[in-house]
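Worksheet: the structure to be examined is printed underneath.
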Amino acid sequence: MRLRNKPWAQDEINNEPSIVIAHPEQYKGKWNELFGNNNPIHIEVGTGKGQFLTRMGQANPQINYIGMEKYTSVIHSAMENVRDEDVDNVKLLNKDVLNLSDYFEVGEIGLVYINFTDPWPKARHEKRRLTYEGFLKLYESVLKPNGEIHFKTDNQALFEYSLHSFSKYGLILNNVSLDLHKSDMVGNIMTEYEEKFSSKGMRIYRCEAVYR
């Protein structure tokens, strides 16, 4: 992903502390206090420009959403989406997923979304893929028992790799789709990339993986 430099982004993010949480470690085990309810918490790792999470928040007010994105210029766009749509059940973290367990307690999260992540196609970069076993262990450390991963990508090789990675780790695969937009799935909410790729006739791959 080519990033546009936004030298003003950090200042604008600092002006929205109720959306982009500056010190998430302070809420570890206490996110429901910040949201002001006991609703389930779902997270998206690599939330990008925030269209998916914003629309999920609008469609499901009974769920709290947290998006993680390490690039400041990108999360600035997500912040604008959340702010402009006035979605109060969505929060953002300008943090790296590698530090996930610093921000969430064991069993605090119900579901992890991974959407259109970098495929890191070279073999030597396997450990950077967000569906690599090291990341699966990291997600498990904050998920509830029988927590889930919902994964979407346009990259067939990454999808095949991820199915193998999920299965090898012992996750149960559900609702595997090799062409999501020709499936019978109801209520699919698209990311920016998904809209772009599907409009060109590209296949979208999706699956759900459940921890035992």
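Here the CG-CD1 distance, from L53 to I189, works out to 9.5 Å after rounding to the nearest 0.5 Å. Here the straight-line distance linking atom CG of N64 with atom CG of D88 works out to 9.0 Å at 0.5 Å rounding. The structure places CZ of R206 at 15.5 Å from CG of D154, a figure rounded to the nearest 0.5 Å. One finds the CG atom of D86 at 9.5 Å from the CD atom of Q58 (value rounded to the nearest 0.5 Å). Put simply, NZ on K152 and CZ on F116 are 5.5 Å apart, with the number rounded to the nearest 0.5 Å. To the nearest 0.5 Å, atoms CD (E133) and CG (L138) are separated by 12.5 Å.
Residues E12 and M79 come closest through the heavy atom pair O-SD, 3.7 Å. Counting all heavy atoms, side chain and backbone alike, K95 lies closest to P24 at CE-CD, 3.7 Å. Here the closest non-hydrogen pair linking S101 and V142 is CA-CG1, 4.2 Å. Across all non-hydrogen atoms, the minimal contact from L136 to Y169 is CD1-CB, 3.8 Å. Contact record, A9 with S73: CB-CA, 4.4 Å, taken as the closest heavy-atom pair. Residues K28 and F104 share a closest heavy-atom pair of CE-O, 3.5 Å.
Relative orientation of the F166 and F151 rings is perpendicular, given thresholds of 30° and 60° on the angle between their planes. In this structure, F197 and Y193 have parallel ring planes: the angle between them is below the 30° cut-off, well short of the 60° mark.
When atom types are taken as modelled, the side chain of E108 and the backbone of W31 share a donor-acceptor pair closer than 3.5 angstrom. Between the side chain of Q62 and the backbone N or O of P40 there is no donor-acceptor pair closer than 3.5 Å. Under the 3.5 Å distance criterion, the side-chain polar atoms of N155 are matched with a main-chain donor or acceptor of A157. Remark: the backbone N or O of C207 is not paired with any side-chain donor or acceptor of N175 at under 3.5 angstrom. Of the possible donor and acceptor atoms, none in the side chain of N94 sits under 3.5 Å from a partner among the backbone N and O of V20. W120 places no side-chain N or O within donor-acceptor distance of the main-chain N or O of L130, the cut-off being under 3.5 Å. A donor-acceptor pair is defined here as one N or O able to donate and one able to accept, closer than 3.5 Å; such a pair exists between the side chain of Q51 and the backbone of M190. Under the 3.5 Å distance criterion, the side-chain polar atoms of K144 are matched with a main-chain donor or acceptor of G107. Without hydrogens or angle criteria, N89 side chain to I63 main chain gives a donor-acceptor distance under 3.5 Å. In this structure, the side chain of S199 engages the main chain of K196 through a donor-acceptor pair within 3.5 Å.
No more than 12 heavy-atom neighbours from other residues, nucleotides or ligands sit within 6.0 angstrom of OH on Y27.
Counting only heavy atoms from C-beta outward, the side chains of E192 and N81 approach each other to under 4.5 Å. Residues N188 and I204 fail the side-chain proximity criterion, which asks for heavy atoms closer than 4.5 Å. No side-chain heavy atom of T54 sits under 4.5 Å from any side-chain heavy atom of Y65. You'll find the side chain of L111 reaches within 4.5 Å of the side chain of H150, heavy atoms only.
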### Task
Would you sort out whether T117 and T153 count as a side chain to side chain contact (heavy atoms under 4.5 Å, CB included), showing the intermediate values?
CA-CA 7 Å; T117 179; T153 182; 5.8 Å; no
### Residue pair Y139, V45: steps toward the side chain to side chain contact (heavy atoms under 4.5 Å, CB included) verdict
CA-CA 10 Å; Y139 309 143; V45 294; 4.0 Å; yes
### Task
Report the C-alpha distance between L178 and Y205 in whole Å, list the side-chain angles of each, state the deciding distance to 0.1 Å, and finish with yes or no for side chain to side chain contact (heavy atoms under 4.5 Å, CB included).
CA-CA 5 Å; L178 302 181; Y205 303 88; 4.2 Å; yes
### Task
Could you walk me through whether R129 and L158 pass side chain to side chain contact (heavy atoms under 4.5 Å, CB included), step by step?
CA-CA 9 Å; R129 298 170 193 161; L158 178 63; 4.2 Å; yes
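Residues V90 and I66 do not share a hydrophobic cluster, clusters being chains of Ile/Leu/Val/Met/Phe/Trp/Tyr side chains in contact below 4.5 Å. Taking hydrophobic clusters as Ile, Leu, Val, Met, Phe, Trp and Tyr residues chained together by side-chain heavy-atom distances below 4.5 Å, F52 does not share a cluster with M68. L180 and M56 end up in different hydrophobic clusters when Ile, Leu, Val, Met, Phe, Trp and Tyr side chains are linked at under 4.5 Å. Connection of I21 to L98 is established within a shared hydrophobic cluster, with ILVMFWY side chains joined at heavy-atom distances below 4.5 Å, either directly or through further cluster members. The cluster map of Ile, Leu, Val, Met, Phe, Trp and Tyr, joined by side-chain heavy atoms under 4.5 Å apart, puts V112 and V176 in the same cluster.
In this structure, a donor-acceptor pair under 3.5 Å is present between the side chains of Y161 and E126. Checked by atom type, the side-chain pair E148/N174 shows no donor-acceptor distance below 3.5 Å. Checking E44 against N115 by side-chain atom types alone, a donor-acceptor pair falls below 3.5 Å.
Classification of E195 and R55 as a salt-bridged pair holds, one side-chain N sitting under 4.0 Å from a carboxylate O.
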